[in-house]
A.B. asks: 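Just dropping this structure here.
For the single chain, residues carry numbers from 1 onward in sequence order.
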Amino acid sequence: MNFPLTLTVSDRQSMDSELDAAVAAAKAHALTGQRHGILVTRHGVDKFTVALSETVPFGLTREHQAW
């Protein structure tokens with residue numbers, strides 16, 4: 001997978017499952033370099049990005065509201 005991942009969800013259930021899957025993939029990718037944490041940004045009611053971030057310490061996941 002390439003990061004950042006952009007997700008557009010249609011309902012709460014798909015939001016939870018898609019975000020969980022994207023964060024799990026990001027964690028697996030972050031383990032290879034052990035330099036990045038994970039940043040989940042909410043851009044609106046139904047749009048998110050999941051990214052590897054040098055500003056988030058390795059091993060942590062942070063959430064950010066951008067709307």
Side-chain angles (χ1 to χ4, degrees):
M1 284 190 171
N2 293 324
F3 291 92
L5 296 175
T6 300
L7 306 172
T8 302
V9 297
S10 58
D11 57 43
R12 178 65 189 213
Q13 184 177 359
S14 64
M15 177 182 74
D16 290 342
S17 64
E18 289 183 42
L19 281 172
D20 287 347
V23 169
K27 284 180 181 179
H29 196 273
L31 282 172
T32 61
Q34 297 188 354
R35 297 181 315 197
H36 301 96
I38 299 163
L39 180 62
V40 179
T41 303
R42 187 173 193 161
H43 300 280
V45 173
D46 63 347
K47 190 170 183 178
F48 299 83
T49 57
V50 176
L52 301 177
S53 175
E54 292 180 353
T55 63
V56 178
F58 173 73
L60 295 179
T61 300
R62 291 204 177 133
E63 297 178 6
H64 176 72
Q65 300 285 332
W67 60 302

A.B. asks: Taking only residues two or more places apart in sequence or in another chain, which ones pass side chain to side chain contact (heavy atoms under 4.5 Å, CB included) with Ala22?
C.D. replies: Leu5, Leu7, Val50

A.B. asks: Can you list, pair by pair, the side-chain donor-acceptor contacts under 3.5 Å of residues 39-49, counting residues two or more places apart and other chains?
C.D. replies:
unit_1: Arg42; atom_1: NE; unit_2: Gly44; atom_2: O; d: 3.0
unit_1: Arg42; atom_1: NH2; unit_2: Val45; atom_2: O; d: 3.0
unit_1: His43; atom_1: NE2; unit_2: Thr49; atom_2: OG1; d: 3.1

A.B. asks: Take a 6.0 Å sphere around CD of Gln13 and say whether it holds more than 12 heavy atoms from other residues, nucleotides or ligands.
C.D. replies: no

A.B. asks: Applying salt bridge (Lys or Arg N to Asp or Glu O under 4.0 Å), which residue pairs with at least one partner in residues 24-36 are found, sequence neighbours left out?
C.D. replies: none

A.B. asks: Taking salt bridge (Lys or Arg N to Asp or Glu O under 4.0 Å) as the definition, give me every residue that meets it alongside Asp16, ordered by chain and number, with sequence neighbours left out.
C.D. replies: Arg12

A.B. asks: Considering only distance and modelled atom types, tabulate donor-acceptor pairs under 3.5 Å from the side chains of residues 57-67, sequence neighbours left out.
C.D. replies:
unit_1: Gln65; atom_1: OE1; unit_2: Trp67; atom_2: NE1; d: 2.8

A.B. asks: Which pairs pass ring-ring contact (aromatic ring centres under 6.0 Å, His included) with one or both residues in residues 4-36, sequence neighbours excluded?
C.D. replies: Phe3-His29

A.B. asks: Compare every heavy atom of Leu52 with every heavy atom of Ala26, then report the nearest pair and how far apart it is.
C.D. replies: O-CD2, 3.5 Å

